[in-house]
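We name chains A, B, ... by the order of the sequence lines, and we start the count at 1 in each one. Note that the structure is predicted; figures quoted are calculated from it, not measured.
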Amino acid sequence: MSGSKSSSSDPRPSGIHESSRRGKLRKIAEMGLDPWGGRFDDRTAIGTIRDRADEIRFHPETGDPIALPAVDGESPLDFRSWLNQQGPGQLVGPRVRAAGRIVLQRKAGKLRFVDIQDWTGKIQLFIGKQQVGEADFELAGQFDLGDLIGVDGALWRTKTGELTILADHLHFLGKSLEPPPEKHHGLQDPELRQRMRYLDLTYSDGVMERFLNRAKIIQSIRRTLGDEGFCEIEGPTLHTIAGGAAARPFRTHHNALDLPLVLRIALELHLKRLLVGGMERVYELGRVYRNEGIGPRHNPEFTMLEVYQAYGDYRTMMELTERLVTRAIQAIGAPLRLPYGDTEIDFTPPFARHSYNELFEQHAGVPPDDHQAIRSLARELNLETANRHPDVLKNAVFEERVEDQLHGPVFVIDYPASICPLTKRKASHPKIAERFELFLCGMEVANAYTELNDPDLQEQLFQTQLEGLPEEDSMAKMDHDFVRALRHGMPPAGGLGIGIDRLVMLLTNSPTIRDVILFPLLRPESSP
RNA sequence: GAGGUUGUAGCUCAGUCGGUAGAGCAACGGACUUUUAAUCCGUAGGUCCUGGGUUCGAGUCCCAGCAACCUCACCA
């Protein structure tokens, strides 16, 4: 990939660092080694190696091996004097093989201390000329920060007690031509951290762990759903109609069919077609695309989970949501009371459940059925009031005054029907929809319905939504093919959507969505 | 889309009132076989985001642009 920054004939301006590194690269090649390395079998993860520290023994010249005292952590033990007290002898530990990136080097004459790091941890290498021999010591002289190396040696402790691999063979596995970020501050510029996520992962504390936790959360969700008999499918990402949510789509085009297409904004309508088709428990966990602003909680592409269960309802989905979330927390080894920013979230189930109207009255201070009072409050809040349905207005007030107050976790249940075009109404209250949203720290994380399966009502609601709205802004586009599917009979069902990125933010104590997306959307680097 | 903040060496950051461009880390040369952000001596490294303007003189002041971040708007 060539950057837009300069033509390929332009040498990079940072020539000094690169030429020094290229010089060492040549020297490695002259030693008969491949500076780009190759297969390196039978290594042990550094985290696993560290776990074997207690196998190191002190072998006195006479007598039996002695176990080492605990020297890790904050222990005040002076390991050097402990060793002296034991008399002559040596430390012997298990043989290990490790590989990783050089993150720190300290040179001391015919001796080098090199810290290498893999994705499970860091460990120090002791490289002595006597111990590794002339050739490998010469190789170690060509090491730069950022290089990838392998090592064979014995697990061991230095006189200060530091867990170390006493190297006897070195392997060169890959040269880095660029200098790494500053060694104690790391990468600070948030733009660079996102653009050069590979550096952020390697050199910023907690970043690798956060993204590995993201993977564990997603694995846990798949496992929970699989255990409960749900089938994972992959629906189309290219849609002819942007349905299932209210959002502006990205537009694209298929050449051979000369067909305008949009990237999907939701997973809903195809999953419900599968309910019609007899897939009784079905879900998709995938990317959706919304052509909207970017902010701390919004990225134009994000990961969504949608789950549908035949013969369930929104209460079924509430219980499922609790299981999905609490198991995901267990999967990353975290407690149910989790820190988030300055606060703490208690995920101990069952989560609180409050009705939309109840919360509305409590936080907006206006009776939920007093249209006049709501309208005047909306005006006070500078909300657009002209030509808006009373329930739409009420929901605008709800978003403005109530959502921020919902620290959660709290299920907000029973929404005004008129803002829920895909949801079944309560039999006893046709103006109330069987819907919940799960709120955490003022953020909507999950949204679920008892799914509407009456094709006539669905068609009518699509139609109502379209009236008087520009097509882009309508909440649900008329999808005749979807209505036709409903006409064949969709089982009553519960449906659930979870914003995976937001869930990961909350479970990993990440302040912005960009902290949990490896490559968030950025403008291309400027070309002056 | 609006406002605010920021942009200086590969990285992290100083830069006073407008008067020769600075430090630490990284790099290069040297010393050191138990270091821990190793230390010590020496060297090199700059499109001060870009383009205009004011001025004898601009990293600094003014205007425009670019990018990031924050707030807002948009956003089931």
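- Nucleotide B:rU5 forms a Watson-Crick or G-U wobble pair with B:rA68, both donor-acceptor distances falling under 3.5 Å.
- Of the listed nucleotides (B:rA76, B:rU33, B:rA68), B:rU33 has the atom at the smallest distance from the side chain of A:Lys110.
- Note on A:Gln188: only backbone sugar-phosphate atoms sit closer than 4.0 angstrom, heavy atoms only; bases stay farther off.
- Here A:Asp144 pairs with A:Lys24 in a salt bridge; the nearest charged N to carboxylate O distance falls below 4.0 Å.
- Contacts of A:Asp189 with the nucleic acid, taken as non-hydrogen atoms under 4.0 Å apart, involve only primed sugar atoms and P, OP1 or OP2.
- Across all strands shown, B:rU20 remains unpaired; no Watson-Crick or G-U wobble contact has both distances below 3.5 Å.
- Taking CG of A:Asn447 as the reference point, atom CD of A:Glu268 lies at 8.5 Å (rounded to 0.5 Å).
- No contact: A:Arg157 has no heavy atom under 4.0 Å from any strand.
- Partner assigned to B:rC25 is B:rG10, using Watson-Crick or G-U wobble distances below 3.5 angstrom.
- Look at B:rU54: it lacks any Watson-Crick or wobble partner with both distances under 3.5 angstrom.
- A donor-acceptor contact under 3.5 Å links the side chain of A:His298 to the base of B:rC75.
- With rounding to whole Å, A:Asp200 atom CG is found 14 Å from B:rC11 atom P.
- Under the rule for a side-chain hydrogen bond (donor to acceptor under 3.5 Å, both in side chains), the partners of A:Glu358 that lie at least two apart in sequence or sit in another chain are A:His354.
- Checking each of A:Arg514, A:Arg210, A:Met443 against A:Met505 for a side chain to side chain contact (heavy atoms under 4.5 Å, CB included) leaves exactly one that passes, namely A:Met443.
- Set against B:rA76, B:rU12, B:rU33, the side chain of A:Glu182 has B:rU12 as its closest nucleotide.
- The side chain to side chain contact (heavy atoms under 4.5 Å, CB included) test with A:Trp156 is passed by exactly one of A:Leu166, A:Ile165, A:Leu163: A:Leu166.
- When the nucleotides B:rA38, B:rG10, B:rA76 are ranked by their closest atom to the side chain of A:Asn447, B:rA76 comes out on top.
- Atom CG of A:Asn299 and atom P of B:rA68 are 12 Å apart (whole Å).
- Base engagement by A:Tyr449 is indicated by at least one non-hydrogen atom pair under 4.0 Å involving a base atom.
- Between A:Tyr203 atom OH and B:rA26 atom P the separation is 13 Å, expressed in whole Å.
- Taking every side-chain heavy atom of A:Lys24 into account, B:rA27 is the closest of B:rA27, B:rC32, B:rC11.
- Within 4.0 Å (heavy atoms only), A:Gly186 reaches sugar-phosphate atoms of the nucleic acid but no base atom.
- Using a distance-only test at 3.5 Å, with no hydrogens or angles considered, no donor-acceptor pair links the side chain of A:Arg193 to the main chain of A:Asp515.
- If you find the closest nucleotide of RNA chain B to A:Leu521 and to A:Glu292, the one lying nearer the 5' end belongs to A:Leu521.
- Note on A:Arg80: a side-chain N or O is less than 4.0 Å away from OP1 or OP2 of B:rU35.
- Rounded to whole Å, the P atom of B:rU5 lies 26 Å from the corresponding atom of B:rG53.
- Side-chain contact between A:Phe302 and A:Val288 is present, with heavy atoms from C-beta onward closer than 4.5 Å.
- Separation of the P atoms belonging to B:rA38 and B:rG10 is 22 Å when rounded to the nearest angstrom.
- Distance check on atom P: B:rC72 versus B:rA9 gives 32 Å, rounded to whole Å.
- Checking A:Tyr449, A:Phe411, A:Tyr356 one by one against A:Phe436, the ring-ring contact (aromatic ring centres under 6.0 Å, His included) holds for a single residue, A:Phe411.
- For the pair A:Phe126 CZ and B:rU34 P, the computed distance is 7 Å after rounding to whole Å.
- Across B:rG59 and B:rA76, the matching C1' atoms stand 49 Å from one another, rounded to whole Å.
- Between the P atom of B:rC11 and the CG atom of A:Leu145 lies a distance of 15 Å, rounded to the nearest Å.
- Rounded to whole Å, the C1' atom of B:rU6 lies 15 Å from the corresponding atom of B:rA14.
- Checking B:rU34, B:rC69, B:rC11 against the side-chain heavy atoms of A:Leu522 singles out B:rC69 as nearest.
- Here the separation of B:rU8 from B:rG22, taken at their C1' atoms, is 10 Å to the nearest Å.
- Dashed line: the shortest gap from a side-chain N or O of A:Arg21 to OP1 or OP2 of B:rC28 is not under 4.0 Å.
- Atoms CG and CG, on A:Leu457 and A:Leu461 in that order, are 4.0 Å from each other to the nearest 0.5 Å.
- Between the side chain of A:Gln124 and the base of B:rU35, a donor-acceptor pair under 3.5 Å is found.
- Residue A:Arg193 contributes atom CZ, which lies 21 Å from atom P of B:rU6 at whole-angstrom precision.
- For A:Arg195, counting side-chain heavy atoms from C-beta on, the closest listed nucleotide (B:rA67, B:rA76, B:rU33) is B:rA67.
- For A:Asp144, counting side-chain heavy atoms from C-beta on, the closest listed nucleotide (B:rC28, B:rU33, B:rU34) is B:rC28.
- As a whole-Å value, the separation of A:Glu191 CD from B:rC49 P is 14 Å.
- Annotation: B:rU16 and B:rC49 have their P atoms spaced 14 Å apart (nearest Å).
- A:Gly293 comes within contact range of at least one nucleobase, with a heavy-atom separation under 4.0 Å.
- Between A:Arg523 and B:rA68 there is a side-chain polar atom (N or O) within less than 4.0 angstrom of OP1 or OP2.
- Per the geometry, CZ belonging to A:Arg106 stands 16 Å off P belonging to B:rC40, to the nearest Å.
- Residue A:Gly109 is the one, among A:Thr512 and A:Gly109, whose nearest nucleotide of RNA chain B lies closer to the 5' end (criterion: closest heavy atom).
- Listed nucleotides: B:rU33, B:rU71, B:rU12. Nearest to the side chain of A:Pro296: B:rU71.
- A sub-4.0 Å separation between OP1 or OP2 of B:rA38 and a side-chain N or O of A:Lys183 is present.
- The phosphate of B:rA27 has neither OP1 nor OP2 within less than 4.0 Å of any side-chain N or O from A:Ser20.
- When the side-chain nitrogen and oxygen atoms of A:Gln105 are compared with OP1 and OP2 of B:rA26, none of them lie within a distance under 4.0 Å.
- Separation of the P atoms belonging to B:rC56 and B:rG18 is 16 Å when rounded to the nearest angstrom.
- Among the atoms of the strands shown, only primed sugar atoms or phosphate atoms (P, OP1, OP2) are found under 4.0 Å from some heavy atom of A:Gln194.
- Which of B:rC28, B:rU34, B:rA68 sits closest to the side chain of A:Trp156 comes down to B:rU34.
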